[in-house]
*Asks:* 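The structure under discussion is supplied below as structure tokens; questions concerning it will follow.
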Amino acid sequence: MRDDPREFAASTPCAGEAGHTGDWRNKRPVVSPAACVAAKAGKDTCRICWAYCPDGCIRFDAGPEIDYDYCKGCGICAEECPSGAITMVPEHEAGTGAG
Ligand code: SF4
Ligand code: SF4
């Protein structure tokens with residue numbers, strides 16, 4: 001998130017085989033905007049999910065957006081979200097295939 005004015009140590013994904021997730025991920029995080037604390041309040045999002053993601057693959061527009069090309073499905077974002085807005089869904093139930 002290079003454009004983010006906040007000082008924060010975080011990596012950003014870049015193109016390349018080393019970072020690109022293949023078809024091995026078995027679950028993907030799905031965000032429920034209605035449950036995202038800040039999105040509900042019409043304020044800037046808390047970004048805890050972004051801060052904890054080890055792959056730097058969560059971006060923000062109106063709310064959190066996950067880049068499934070790089071998400072590894074570790075589930076940390078879902079664990080850390082204070083409002084339970086992120087659910088880990090099996091890939092076969094997500095219906096969109098691997099990222
Ligand atoms: S599941 Fe892991 S890699 Fe994917 S967005 Fe959440 S924290 Fe990042
Ligand atoms: S951690 Fe949860 S409440 Fe905070 S921005 Fe991410 S999805 Fe929204």
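For the numbers below, each heavy atom of this structure counts, side chains included, while hydrogens, waters and symmetry mates do not. Whatever order the structure lists them in is the order used to number ligands and atoms, beginning at 1.
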*Asks:* Which atoms from ligand 1 have a heavy atom of Pro54 less than 4.0 Å away?
*Replies:* 7 (S)
*Asks:* State, to 0.1 Å, how close Thr21 and Tyr68 come at their nearest heavy-atom pair, and which atoms those are.
*Replies:* CB-O, 4.4 Å
*Asks:* Within a 6.0 Å radius of atom CD on Glu79, are there more than 12 heavy atoms belonging to other residues, nucleotides or ligands?
*Replies:* no
*Asks:* Do any N/O/S atoms of Cys36 come under 2.8 Å of atom 4 (Fe) of ligand 2?
*Replies:* no
*Asks:* Quick check: closest heavy atoms across Cys49 and Phe60, and the distance to 0.1 Å?
*Replies:* SG-CZ, 3.8 Å
*Asks:* Under 4.0 Å, counting heavy atoms only: does Cys49 come that close to any atom of ligand 1?
*Replies:* no
*Asks:* In ligand 2, which numbered atoms sit nearer than 4.0 Å to a non-hydrogen atom of Pro82?
*Replies:* 1 (S)
*Asks:* What atoms in ligand 2 come closer than 4.0 Å to a heavy atom of Cys46?
*Replies:* 1 (S), 3 (S), 4 (Fe), 5 (S)
*Asks:* Sequence neighbours excluded, which residues qualify as side-chain contact (heavy atoms from CB on, under 4.5 Å) partners of Cys81?
*Replies:* Ser83, Ala85, Ile86
*Asks:* Considering the options Asp67, Ile66, Ile48, which one meets the side-chain contact (heavy atoms from CB on, under 4.5 Å) requirement together with Ile58?
*Replies:* Ile66
*Asks:* Nearest 0.5 Å, what's the SG-CD distance between Cys53 and Glu80?
*Replies:* 11.5 Å
*Asks:* Which atom names give the shortest non-hydrogen contact between Met88 and Gly73, and what distance separates them?
*Replies:* CE-O, 3.6 Å
*Asks:* Quick one: look at Pro64 and ligand 2, take heavy-atom pairs under 4.0 Å, and tell me if it's side chain, backbone, both or neither.
*Replies:* side chain
*Asks:* Check whether Tyr52 reaches the backbone of Ala78 with its side chain - one donor and one acceptor, N or O, closer than 3.5 Å.
*Replies:* no
*Asks:* When you look for heavy atoms under 4.0 Å from ligand 2, do you find them on the side chain of Arg47, its backbone, both, or neither?
*Replies:* backbone
*Asks:* Side-chain contact, heavy-atom cut-off 4.5 Å: Arg59 with Trp50?
*Replies:* no
*Asks:* Under the 3.5 angstrom rule, does the side chain of Lys27 hit a backbone N or O of Arg25 as a donor-acceptor pair?
*Replies:* no
*Asks:* Can you count the protein N/O/S atoms lying under 2.8 Å from atom 4 (Fe) of ligand 1, leaving waters out?
*Replies:* 1
*Asks:* Heavy-atom contacts with Cys81 under 4.0 Å: which atoms of ligand 2 show up? List them by number with element.
*Replies:* 1 (S), 2 (Fe), 3 (S), 7 (S)
*Asks:* Of the side chain and backbone of Ser83, name the one, both, or neither that has a heavy atom under 4.0 Å from an atom of ligand 2.
*Replies:* side chain
